[in-house]
Amino acid sequence: MKLTREFYIRDNVVEIARDLLGKVLCSRFDGNLTKAVITETEAYAGVADKASHAYGGRRTKRTEPMFGPGGVAYVYLCYGIHHLFNVVTGVSGTPHAVLIRAGHPSVGETVMLKRRKRPTVDASLLGGPGSLAKALGINTKLTGTSLLGRQIWIEDHGIRFAESSLVIGPRIGVDYAEEDADCPYRFVATLDGRFS
DNA sequence: CGAATGATATACT
DNA sequence: GTATATCATTCGA
């Protein structure tokens with residue numbers, strides 16, 4: 001079943017990042033349905049988090065979707081090449097977000113392979129935030145799009161990961177965030193308990 | 001290991 | 001309005 005508004009507007013963004021593991025991220029563009037099981041997430045804790053684009057209450061045209069109510073997409077271009085997909089959480093005014101970093105293909109593998117220009121399904125197909133967004137057809141034009149609509153949404157398929165199969169640690173690529181770079185805001189689900 | 005690649009934020013004139 | 005540094009990364013050598 002599709003996640004509802006109540007899931008997204010909770011105030012604990014770290015808890016939501018943890019809860020998103022095993023949920024299924026879905027998209028449908030031009031009739032092409034794709035779904036991916038989320039296996040890696042990172043929390044970005046609003047104005048108090050130096051790693052967040054909204055740190056210190058910085059509110060610009062780019063970060064505007066994060067300041068709205070939870071349950072919308074925040075997509076932006078990174079390194080001039082990659083489109084990164086985030087889930088905005090919390091009530092209006094709290095710019096919390098969860099970066100979806102990796103997933104496992106579930107539906108629409110053929111379309112994903114075509115978008116990624118790759119011959120076969122392997123771990124690298126959805127193996128990083130830029131790759132995952134590209135495979136699902138997500139681009140910066142979708143920033144601000146509701147996750148309760150018909151283009152992008154998240155479903156609960158009842159997948160649960162054992163506590164022992166989770167790896168929790170510091171986030172990736174946020175060295176610029178000083179002391180906040182070490183916060184344990186990254187969640188990885190390893191399918192067999194090993195670090196991947 | 002390092003180039004690719006462009007929007008964005010910030011600091012200027 | 002213009003300039004420039006920076007970046008929540010990826011792929012190929």
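Keep in mind the model is a prediction, meaning the values are calculated, not measured. Here is how names work: the chains are called A, B, and so on, in the same order as the sequence lines, proteins then strands, and each is numbered from 1.
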Give the rounded distance in Å between these two atoms: [atom1] of [X] and [atom2] of [N].
| X | N | atom1 | atom2 | value |
| --- | --- | --- | --- | --- |
| A/Asp182 | C/dA8 | CG | C1' | 15 Å |
| A/Glu178 | C/dA8 | CD | P | 14 Å |
| A/Phe187 | C/dA8 | CZ | C1' | 16 Å |

Contact class for [X] vs. all strands (heavy atom < 4.0 Å): base, sugar-phosphate, or nothing?
| X | value |
| --- | --- |
| A/Arg171 | nothing |
| A/Arg116 | sugar-phosphate |
| A/Ser131 | sugar-phosphate |
| A/Leu77 | sugar-phosphate |

Do A/Tyr76 and A/His53 have their ring centres less than 6.0 Å from each other?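 Judged by ring-centre distance (under 6.0 Å), A/Tyr76 and A/His53 do meet the cut-off.
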Of A/Arg116, A/Arg115, A/Lys114, the residue whose pairing with A/Arg118 passes side-chain contact (heavy atoms from CB on, under 4.5 Å):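 Single side-chain contact (heavy atoms from CB on, under 4.5 Å) partner of A/Arg118 among A/Arg116, A/Arg115, A/Lys114: A/Arg116.
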By centroid distance (under 5.5 Å) and plane angle (under 30°), are A/Tyr76 and B/dA7 in a stacked arrangement?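 So no, this residue does not stack on that base, at least one cut-off failing.
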Any strand, both distances under 3.5 Å, Watson-Crick or G-U wobble: B/dT5 pairs with none
For the student: nearest non-hydrogen atoms of A/Val107 and A/Met112, plus distance: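 That closest heavy-atom pairing would be O-CE, 3.2 Å.
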Between A/Arg171 and A/Ala43 (side chain of the first, backbone of the second, donor and acceptor by atom type, cut-off under 3.5 Å), is there such a pair?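 It does hold such a pair.
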